[in-house]
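Only this structure's heavy atoms are used, side chains among them; waters, hydrogens and symmetry mates stay out.
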Amino acid sequence: MSTIRRRLTVWYTVALVATLVTFAAAAIWQLEKPSIPELDQRTEIEARFAVKWLQDSYRVLGPLVSNVPGDQMPVLN
């Protein structure tokens, strides 16, 4: 028969593990939830930046890409 100390240690260990697992699951769930809208927002910001950069480059440098006759791929100037 086990002592009261051993039984209490086992129960405290079980309670600690259950608490840690619950906390970890809640933290993961909370962190994953806002990531898709945040990623969409970041992608939109990066796309706007790229368009503005290309428009400014075209205004300052002229055409950045030209087609060479006979080639399939455009070439950077």
Is a salt bridge present between Glu46 and Arg42, judged by a nitrogen-to-oxygen distance below 4.0 Å? no

Say you draw a straight line from OG1 of Thr19 to OH of Tyr12; how long is it, rounded to the nearest 0.5 Å? 12.5 Å

If I take atom CG from residue Asp40 and atom CD1 from residue Ile45, how far apart are they, to the nearest 0.5 angstrom? 11.0 Å

Is Leu8 reachable from Leu16 through a run of I, L, V, M, F, W or Y residues, each pair having side-chain heavy atoms under 4.5 Å apart? no

Can Arg48 and Glu44 be said to form a salt bridge (Lys or Arg N to Asp or Glu O under 4.0 Å), step by step? CA-CA 6 Å; Arg48 287 182 187 168; Glu44 181 67 30; 3.1 Å; yes

Thr9 versus Thr13, closest heavy-atom pair with distance: O-OG1, 2.7 Å

